[in-house]
Amino acid sequence: MASSLCRASPSPVDSVCITSAFSHTDFHQFCPSTGRIYQCKNTCKALVDNSCRPKTRTALPKHGLFMLGRLVQVSKNYRSVIRACMEDMHQAAVSARDPALHSQYSTQVSILSAMELIWNLCEILFVEAAVAGPLLLRLLDWVRLHVCDVDNMVREVLSSENPSKHELFWNVVDVFVLQGRMDEARHLLSKEASANPTSVNMCRILDDLMKKMPVPSLGNTQTLTEMELKWQHWHEECQRYLQDGTFASNSHMESICKILLGDENAILEKKELMTTWYHFLVTRLLYSHPTVKPMELRFYAQSSMDLFLGGESSPEPLDTILMAAFEFEMHQVIKECSIALSNWWFVAHLTDLLDHCKLLQSHNLYFGSNMREFLLLEYASGLFSHYSLWQLGVDYFDHCPEYGRVYLELHIERIPLNTEQKALKVLRICEQRQMHEQVRSICKIMAMKALRNNRLGSALSWSIRAKDAAFATLISDRFLKDYCEKGCFSDLDLIDNLGPSMLLSDRLTFLGKYREFHRLYGEKRFSEAAKLLLMLMTAHIAPCSFWMTLLTDALPLLEQKEVIFSAEQTYELMRCLEDLTAGKSDKQKFQDDDVETMKVEMLRLALARNLARVIVKEGTLEGS
Amino acid sequence: MASPAPPGHAHCPASLSLLARRRRAAAANQQRRRQAGGRSRREVVVVAAARAMEDVCAKFVSQKVSKARWRPLPAAALQPPDIFATGSWDNEDNRISIWSVGDLGSVGLNGEYQGEPQLLCDIRHSGDVMDMQFLDQERVVVASSTGNVTIFRHHQNNQTLSTNQRWEKAHYHVDRSASCGGAACTGVICNNPEVVTVGEDGRINLLRADQKDAVRTIDNADSSTLHAVTFLRTTEILTVNSIGQLKIWDLRQQRNEPSQIFSLTGDRVPLHCVDRHPNQQHIVATGGQDGMLSIWDIRQGTMPVSLLNAHEAEMWEVHFHPSNPDHLFTCSEDGSLWHWDTSTSVAEKPSFLHQGGRSTTYFSHNTINQSLVSAWLSNDPTKDRMEITNLIPNQTLSVNSLDILGPCLVYGTDAEAIYVNRHLFA
């Protein structure tokens with residue numbers, strides 16, 4: 001059942017051998033920059049989101065069974081994603097012309113297939129936690145799904161005109177028997193029986209034995225004791241047939257009978273058909289310990305590996321990982337995978353899943369928060385270092401309760417911002433998470449960039465968005481400086497539309513108001529303009545350095561035909577002028593050029609004349 | 001303002017009582033706002049969980065998609081569009097790709113093609129693809145974050161793409177000759193052979209497909225970033241900028257100033273996209289940074305006719321359906337794609353029951369404008385409602401672009417996938 005999901009989809013990678021995955025490749029070629037691998041990560045991310053929701057944690061004790069089903073489903077989804085990725089990679093390998101590229105893709109396929117093998121075993125042992133009985137069935141499915149070297153041979157024999165005459169016929173029967181695929185084996189036997197009348201009897205007996213072989217049930221229909229009892233009977237029956245030499249005339253059938261009896265040597269003779277020690281382990285369990293308990297697995301696994309390898313070769317990384325899984329050493333599995341795979345995807349997601357199964361809680365790291373978070377952080381950091389995958393990393397950080405936010409804060413500021421649109425996307429991420437400090441810093445970066453490019457309007461917009469008063473002041477000064485130099489404002493569309501954001505900084509307020517003065521003046525609304533101008537000085541909105549400019553701006557108003565400034569306003573203006581000149585030390589005065597002195601003189605003259613006119617006017621008005 | 005009785009009250013009182021209450025509340029709200037001197041700004045309260053997506057096919061493309069555009073159909077074509085182009089962003093190696101959803105052999109249950117889009121050809125593009133428009137059946141104009149504007153030609157006989165024309169650094173900051181002096185070109189619009197581009201440098205370029213030099217350039221057209229551009233008439237263009245302004249430029253005038261400026265009230269929310277009603281050229285829709293949809297009547301006022309609170313984040317694109325403009329489509333950074341339908345408002349009285357799996361929201365459509373039949377502007381609350389459907393239920397990453405032609409919708413996302421729905425009105 002565990003494999004139904006994967007078997008349902010046609011798998012073009014059948015021909016790829018798992019054992020070879022580790023013999024001629026190293027995991028380190030699993031390069032993180034390969035876009036294709038990430039494609040599957042995209043999908044996986046959605047899964048981790050699903051399984052990471054906090055409600056999962058609280059809900060587990062209450063609805064244990066329901067949750068278990070969900071977690072198994074999540075685990076299967078992960079595997080189907082790996083499978084899909086494998087298919088894509090396989091397609092790419094097939095269509096690749098360049099031999100180097102082809103071998104690179106093939107390597108990826110073998111690595112992915114090894115990942116799926118490990119994941120599947122972890123699913124059976126840890127996530128699903130299959131108990132004695134069903135455990136063996138799951139392991140059989142696992143072996144059938146992953147040992148696919150022989151599938152080509154099976155296909156060849158079955159498609160031949162006369163299968164029983166094919167030279168590999170008995171190999172295929174053996175394969176079926178070794179994998180516990182009794183129905184298929186019996187089907188082939190019937191072919192042999194019809195083609196070879198002399199062996200009909202033998203075939204019938206063997207067929208009968210195969211038919212009667214008791215298998216553990218998935219449901220609760222029989223107890224383990226019942227099963228063991230039946231199995232004992234069947235075992236004795238096989239023993240009898242072997243001892244009375246029923247199959248003596250046919251070595252093939254005799255060896256099959258020996259396999260049925262769980263004869264280790266007979267099984268080991270078929271080493272080539274099993275290809276791996278874990279196939280040998282499962283076959284051995286099937287015919288000698290069908291009701292193996294999870295905790296007993298480690299002994300059989302160890303001895304199976306020793307027997308199978310027979311001291312000829314040392315275990316590969318994959319063997320070590322699988323062995324650790326059979327020993328229920330979860331942390332060892334994660335550790336070995338971390339070493340063997342150069343990429344964090346596998347361990348991060350597997351650990352996350354196991355953590356949700358409440359399997360990793362006893363273990364505390366002496367650094368960081370826990371292993372799940374540590375690995376997710378590592379993986380997400382890897383995504384952030386990638387050119388375009390940083391957006392995915394955000395979600396992973398969100399699911400790390402302890403350090404996720406800090407990591408995100410540190411990483412997000414380092415994303416290169418080449419366009420404003422990208423900056424907006426990054427800002428949105430920060431704003432959604434109330435990361436004000438980062439918002440400020442990103443806006444500041446953008447404002448600085450705009451300023452460097454002489455885009456004062458954009459720079460101001462960015463600093464307004466960041467609510468960065470100091471920077472707004474700086475830019476306002478640039479605007480005012482530009483005005484002083486050129487005599488006209490640039491970026492009017494912006495300054496005229498500052499609205500409430502004008503209040504961000506004093507200088508910006510001044511800029512907005514000063515521009516308003518110009519507008520009023522331009523619209524010939526002189527008295528309003530005059531009032532505003534005076535207010536800018538008396539209310540100390542204008543910076544002192546700018547007073548001279550303002551007073552000079554007052555000159556044309558003073559020289560208008562009609563009187564604009566009232567007597568009181570004129571006094572105020574005079575006071576402003578005196579404050580300005582008095583504030584300067586003698587030394588500064590001495591340094592001032594003639595233009596400045598002349599300006600002051602002109603202003604004094606204009607003010608005096610205006611005062612004279614206004615006194616006359618106001619006197620006349622009152623008098624009349 | 002009296003709260004109007006909703007239509008169809010007699011038919012299904014049970015479901016309507018709730019709706020009526022909501023509507024009455026909305027009307028009261030409206031009144032309050034009016035009294036406060038504000039414009040009508042409506043809240044879209046509950047919006048569409050989802051609609052069945054069985055008609056949609058997805059294709060994962062291993063690159064973040066920034067733009068997706070249908071190839072225009074020849075004038076007399078009756079069949080639905082089958083070719084579209086996409087552009088990617090934020091990759092080391094960005095690409096322009098041409099896809100086909102046409103019948104390539106496999107036929108679905110209903111006799112229709114069900115398969116995913118097939119890649120016909122692609123070509124490398126330097127910089128992020130910021131905008132993309134088909135010039136004609138063969139040529140597509142692409143705006144780049146490097147400031148380049150490029151025309152690519154799709155050779156349909158041998159399925160290849162080639163560069164047809166390129167304006168290096170059509171948009172630039174201070175120093176055009178400097179290696180990194182380019183400024184992102186944010187928007188492009190075509191009216192063969194004319195091409196208008198806008199950029200982060202606040203510049204407007206008027207180009208001709210067959211001329212190497214720009215026909216006209218308006219430097220410093222905008223002090224802030226120009227985000228999008230569209231044609232209002234053959235000689236007038238509309239631009240939106242990052243301080244919430246909509247500007248009309250008359251290209252016949254030599255003055256380098258807009259002929260009209262519209263702006264959102266006070267809050268200066270950046271506008272990201274703009275589209276014009278295909279038949280009634282005075283109706284313009286824009287989308288803003290806060291996800292708000294604004295409808296403008298450019299014949300009157302300087303403020304939007306109505307503001308509709310829509311998405312939760314930046315609205316990246318807004319499109320009127322080209323031949324069925326009662327329908328509008330918007331997509332957003334929040335990962336949603338909305339279908340706004342006003343066609344039910346005048347024509348029929350819809351049943352509020354029997355909505356099946358499609359949970360949708362109706363709300364009254366109050367506007368300030370009068371005397372116009374267009375559902376987008378009219379103000380009769382008894383008649384007008386919009387049906388809004390979120391076409392993407394569970395997406396989390398941004399939907400950057402969409403295009404709609406005939407019954408076909410295509411959209412591209414930051415989740416590195418493109419989606420095609422060929423039976424939009426089914």
Side-chain angles (χ1 to χ4, degrees), chain A residues 33-43 45-46 49-50 84 88 386-392 394-395 415-416 418-422 424-425 427-429 431-432 446 449-450 452-462 464-465 479 489-501, chain B residues 60-64 66 88-94 127-128 130 145-146 172-175 180-181 183-184 186 200-202 220-225 227 241-245 247 257-258 261 263-268 270 272 289 312-314 316 333-334 394 396-398 400 414-417:
Chain A
S33 65
T34 310
R36 286 174 171 278
I37 296 292
Y38 280 98
Q39 188 176 318
C40 96
K41 277 159 201 161
N42 266 343
T43 331
K45 183 192 66 69
D49 287 353
N50 269 335
D88 274 6
H386 187 271
Y387 206 81
S388 81
L389 293 169
W390 53 273
Q391 275 171 307
L392 296 178
V394 176
D395 272 1
I415 296 172
N418 53 334
T419 65
E420 290 193 6
Q421 196 182 24
K422 188 168 176 183
L424 290 173
K425 281 174 182 273
L427 275 176
R428 180 59 62 181
I429 290 169
E431 278 172 358
Q432 276 167 351
M446 293 311 287
K449 243 184 199 173
R452 245 196 334 268
N453 289 328
N454 235 350
R455 300 278 303 149
L456 291 186
S458 280
L460 188 56
S461 290
W462 281 110
I464 288 171
R465 178 155 182 184
F479 270 117
F489 279 107
S490 57
D491 303 324
L492 284 181
D493 52 349
L494 174 77
I495 302 171
D496 282 346
N497 285 289
L498 284 173
S501 53
Chain B
F60 286 90
V61 293
S62 295
Q63 49 191 355
K64 294 195 276 191
S66 59
S88 72
W89 77 286
D90 210 19
N91 287 309
E92 282 150 302
D93 184 14
N94 289 301
D128 297 346
M130 301 294 287
S145 62
T146 59
Y172 59 95
H173 287 304
V174 194
D175 186 5
C180 54
T186 51
E200 280 183 11
D201 54 355
N220 264 325
D222 204 304
S223 59
S224 47
T225 298
H227 280 146
N241 69 11
S242 65
I243 54 171
Q245 293 171 330
K247 296 183 182 177
E257 270 163 35
I261 300 182
S263 64
L264 292 169
T265 45
D267 27 10
R268 303 165 20 100
H272 286 295
Q289 185 145 298
E312 280 156 22
E314 285 87 355
W316 292 128
E333 176 73 20
D334 67 6
N394 297 318
T396 52
L397 287 177
S398 170
N400 292 326
D414 273 347
E416 308 195 333

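Values below: all heavy atoms of this structure, side chains included; hydrogens, waters and symmetry mates excluded.
Interface remark: Asp334(B) contributes no atoms to any contact with chain A (heavy atom separation under 4.5 Å). Contacts of Asn400(B) with chain A are made by side-chain atoms alone, with heavy-atom separations under 4.5 Å and no backbone atom involved. Heavy-atom distances place no part of Gln63(B) under 4.5 Å from chain A, backbone and side chain included. In this structure, the portions of Ala313(B) lying under 4.5 Å from any heavy atom of chain A include both its backbone and its side chain. Contact annotation for Asn91(B): both backbone and side-chain heavy atoms come within less than 4.5 Å of a heavy atom of chain A. In this structure, chain A has heavy atoms under 4.5 Å from both the backbone and the side chain of Glu314(B).
Residue Tyr387(A) comes nearest to Glu92(B) through the heavy atom pair CD2-N, 3.2 Å, listed as atom of the first residue, atom of the second, then distance. Ser224(B) approaches Ser461(A) most closely through the heavy-atom pair CB-OG, 4.4 Å. The nearest pair of heavy atoms linking Gln289(B) to Leu424(A) is OE1-CD2, 3.5 Å. Residue Arg268(B) comes nearest to Leu498(A) through the heavy atom pair CD-O, 3.3 Å, listed as atom of the first residue, atom of the second, then distance.
Panel note: side chain Glu420(A), backbone Thr225(B); no donor-acceptor pair is recorded below 3.5 Å.
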### Task
Output, in order, the C-alpha distance, side-chain angles, deciding distance and verdict of side-chain contact (heavy atoms from CB on, under 4.5 Å) for Arg455(A) and Val174(B).
CA-CA 9 Å; Arg455(A) 300 278 303 149; Val174(B) 194; over 6 Å; no

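When Asp201(B), Thr146(B), Thr186(B), Asn241(B) are compared by the number of non-hydrogen pairs under 4.5 Å with chain A, Asp201(B) comes out ahead.
Partners of Gln432(A) according to the side-chain hydrogen bond (donor to acceptor under 3.5 Å, both in side chains) rule, which considers only residues two or more places apart in sequence or in another chain, do not exist here. The salt bridge (charged side-chain N to carboxylate O under 4.0 Å, His left out) test applied to Lys64(B) returns Asp90(B), not counting sequence neighbours.
Atom-to-atom distance recorded for Gln421(A):CD and Glu333(B):CD is 8.5 Å, nearest 0.5 angstrom.
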